[in-house]
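Below is one structure, written out as structure tokens; the observations come after it.
Convention: sequence-line order gives letters A, B, ...; per-chain numbering from 1.
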Amino acid sequence: MSKTFLRITAALLASTMLVTGASAETIRWARSSDALTLDPHSQNQGVTHNFAHHIYETLVDRGIDGALVPRLATEWNIKEDDPNVWVFKLREGVVFHDGNPFTAEDVVFSLDRARSEKSNMRQLHVGIAEVVAVDDHTVEVHMTGPSPLYPNNLTNTFIMDKDWSEANNVVEVQDFAAGEENYAVRNTNGTGPYTLVERDPDVRSRLVAFDGHWAEKPQIDEIIYLPITENATRIAALLSGEVDFVQDVPVQDIERLQSSDGINVTTGPENRSIYFAYRMDDAPLKSSNVTDANPFANPLVREAIHLAVDRDAIQRVVMRGQSVPTGIVVPPFVNGWTEELDAYPAPDVARARELMTEAGYPDGFTVTLDTPNNRYVNDEAISLAMVNFLGQIGIQATLASRPVAQHSPLITANETDFYLLGWGVPTFDSEYNFNDLIHTKEGSYGAYNGGLYSNPEVDAMIETLGTEVDLDKRNATIAAIWDIVQAERMLLPIHNQVLAYASRGNLEIPVHPENTVLMHSVTLSE
Amino acid sequence: MLVFVLRRLAQSVVVMLAVSLISFMIFRYVGDPVASMVGQDTRIEDMERLRQSLGLNDPFYVQFWTFVTNALQGNFGISYRLQLPVTQLIFERLPATLELAFVSVVLALVIGVGLGIFTALKRRSFWAGLIMSLSLVGVSLPTFLIGTGLMNLFAVELQWLPSFGRGETVEVTPWWRTGFLTQSGLRSLILPAITLSLFQMTLIMRLVRSEMLEVLRQDYIRFARARGLPERVINFRHALKNTLVPVITITGLQLGSIIAFSVVTESVFQWPGVGSLFINSVATVDVPVMAAYLMFIALVFVVINLAVDILYYLVDPRLRISARAGA
């Protein structure tokens, strides 16, 4: 009681008397969209996870350098006598917002909930056979086979309170397909550094620091979270001083903001690569004037396109300097990336023309290029530049531009000859890309292998990655797969996206590769 | 009378059915809702499972029938994006839109009628000429341009008014949070209301001006003038009263458009009404919200038109005679 009184008094003093620094304790944070739901296992989506990270916590977390860091688990390792079991030691003295202590039972409950039928987090936990609480602060996760990288899958799986979930009838994940809303969609009880005070979806949410949190008290006491969809409005709100921090800064506004007084812009690489891919099976292309063969199936044509693209020009002109041109479809912090793989050639149109002639297409051919127009930074403009580069070597590409909701079904349904796509790597390991982009399209593999590339040798190598415990051997396989993919020019990498954050005054927020801003780790400069 | 109303009601039901059918057909081609509901690392089989449970694999007529029967019970399903019941979402967002629309209509009426009278009476003055040419700009500039222009001037440069949102709101009833009772709420209203009302304002102004000029040429005005009545009485008691009849009709009909076309203004100013809800839903192919919103807008128009028709019927005796003769 007296503690509350002290806090109120302190807050009053801070707001009335101290002028300097007082304003920074509350941060008004604008983003382009809101969290989809507060039910932690209902959606597997970045914005939703980012919001949840303030209220709920995960066992392990992803640091700003891309490495795993402890959060609710203090240490984790593979059980000595059983390579199929991961052992997690849990942090002691942690409580939920309602005062319940955090124990191993909550972890068992949450992992089981996250891998249940209705959960969208399910695919990250398909390898689990059973989750067992050994004692109050130890949990064993039994996998169906060796899973050396499993902790990477945990960075967005949040821990809920078992008792609270049972009491409020949210043991099951919300099934919105059946037309239901559950208590956890609007109400929360996590162990996180902030508690939810106010929630108006799409409009405004308010979070305040949680007194009982196990870590050091954050410098920011209160967060007011404001989704602002329009780019121009979001930037205007920052310039007019109505918000303190803008997470999604459009590329075209970076320069203007950098030159404004009192505004800091930080940029950094995002965990997302932009690339083009082609249909590579033997059937003739649907959209081409070459009807007896598939020109893209010819390695000489792919090499010619590789040489015709001017990645630096795209970075300079289309992206206004805000991208990192690349020769491989993973950003640098992903396991498997090397500087050699990342290298890309200077454009050489003369040589590319020779290759086209050698391939038997001296006059080129026509094809349709499918591109999204609302998903990645300047996605349509990148594709337009691509059309021009291709024109120089005789390939006449027709641009077909669609919203992502219409574009991505083309790829999953194999209805495109040539397309742009962006790809992030939430596990920070190349295996993730291989599974979805390179492996032959069958079963749960190759979902986004829209080019239908198929190489049984590569498939076999990819399949060993999931269970290989010897990390050196595993990394050698990854390198070997990349060598084949790169040599065959299977994908046409363009660049890695760059993220930009803008803030006012004494706030400086570094860019996180997964675009996850954690307000409790923000320090205020004087 | 009863027959007339019943017939108009039946027509309204047909209109609503047609709108629901058309909106439903359009939404089948706006993209794959499942693609925007799940992350890119969701397995194909999980997406298929979701598609199945959402009923997206059912034949068109089954989906449409389910939609219509649910809609009749006021159930528009769950928003794919926000995962809340759509009916509840729309009712939560409606007060914001209605308040904005109300203020815009009042602004458009007061300023529009005022300027219309002024430009009609002082037809040849410099100011009337200026207002008339400015009004051309008002009609021809797109709303989002006016909105961002006002925002840059009054919010960013001068920092007088907020650039987004609704400010503080007060709960009047559980269904109605109002921005009318707080200072920040009222300040937040100014820029969006001006933006939204500008088009209607110029429309009303031009209408009042031409009607007024027309009326001033009538014989009874000349007689009044000949009788030596003061100008003020002639202009405001006799001329204006007759001018306002068509203005009121037009304004009533325009109310529907203001609600429907607040979409752009709401998205520019991040106004938390049904319009911005609709825009955000389009971007993510949130079919239940889009369908419900279109139905709602159609309902607004149908109700307004029905009311206008019935009022005309009551006011104008000629309609009653022709209805009887035609029957």
Side-chain angles (χ1 to χ4, degrees), chain A residues 30 33-34 36-37 39 42-46 117 120 122-124 126 174-181 185-186 200-204 226-230 232-237 239-243 374 402-409 412 422-424 426-427 432 436 441 443-444 447-448, chain B residues 29-47 49-50 52-55 70 75 77-85 88-89 92-93 96 144 147-148 151-152 155-157 159 161-166 177 267-270 272 276-277 279-280 282-285:
Chain A
S33 58
D34 201 358
L36 295 171
T37 172
D39 185 329
S42 167
Q43 292 282 332
N44 187 8
Q45 191 244 12
E117 183 69 20
N120 242 317
R122 199 165 74 109
Q123 63 272 14
L124 292 167
V126 280
Q174 174 195 26
D175 184 7
F176 59 98
E180 64 180 39
E181 177 192 355
V185 172
R186 285 201 191 215
D200 192 355
D202 259 5
V203 181
R204 176 189 151 103
L226 301 158
I228 304 180
T229 320
E230 276 305 304
T233 311
R234 200 160 58 247
I235 297 304
L239 289 171
S240 66
E242 290 162 88
V243 303
N374 63 352
R402 296 179 178 84
V404 68
Q406 292 177 305
H407 178 74
S408 64
T412 49
W423 200 255
T427 59
Y432 185 85
D436 279 327
K441 203 168 198 168
S444 59
Y448 283 85
Chain B
Y29 300 103
V30 288
D32 183 5
V34 172
S36 47
M37 283 162 76
V38 299
Q40 66 172 195
D41 41 353
T42 304
R43 303 267 168 246
I44 300 266
E45 67 229 50
D46 286 344
M47 289 166 72
R49 193 175 50 88
L50 193 57
Q52 191 70 40
S53 59
L54 287 171
N70 283 338
N75 174 13
I78 292 267
S79 156
Y80 293 165
R81 183 173 63 97
L82 294 167
Q83 309 193 9
L84 299 169
Q88 178 194 341
L89 269 176
E92 276 175 16
R93 296 299 196 85
F144 72 88
T148 37
M151 187 194 298
N152 270 315
V156 177
E157 296 303 327
Q159 309 209 344
L161 295 166
S163 60
F164 75 98
R166 219 182 147 197
R177 297 194 68 87
S267 84
V268 167
F269 290 98
Q270 196 67 30
S276 61
L277 176 72
I279 282 286
N280 292 344
V282 170
T284 49
V285 200

Is chain B contacted by the side chain of [X], its backbone, both, or neither, given a heavy-atom distance below 4.5 Å?
X	result
Val126(A)	neither
Arg186(A)	side chain
Ile235(A)	neither
Thr37(A)	side chain

Would you mind reporting whether [Y] and [X] have side-chain heavy atoms less than 4.5 Å apart?
X	Y	value
Arg93(B)	Asp202(A)	yes
Asn374(A)	Pro403(A)	yes
Leu84(B)	Pro201(A)	yes
Thr233(A)	Phe269(B)	no
Phe164(B)	Val243(A)	yes

Region of [X] that comes under 4.5 Å of a non-hydrogen atom in chain A:
X	answer
Asn152(B)	side chain
Glu92(B)	side chain
Thr148(B)	side chain

Among Ser276(B), Pro162(B), Ala155(B), which has the most heavy-atom pairs under 4.5 Å with chain A?
Pro162(B)
The criterion is side-chain hydrogen bond (donor to acceptor under 3.5 Å, both in side chains); which residues satisfy it with Ser240(A), sequence neighbours excluded?
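By the side-chain hydrogen bond (donor to acceptor under 3.5 Å, both in side chains) rule, Ser240(A) matches Glu242(A).
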Those residues that, when tested against Arg234(A), pass salt bridge (charged side-chain N to carboxylate O under 4.0 Å, His left out) (two or more places apart):
none
I'd like to know which of Val203(A), Leu239(A), Ile228(A) tops the heavy-atom pair count under 4.5 Å against chain B.
Ile228(A)
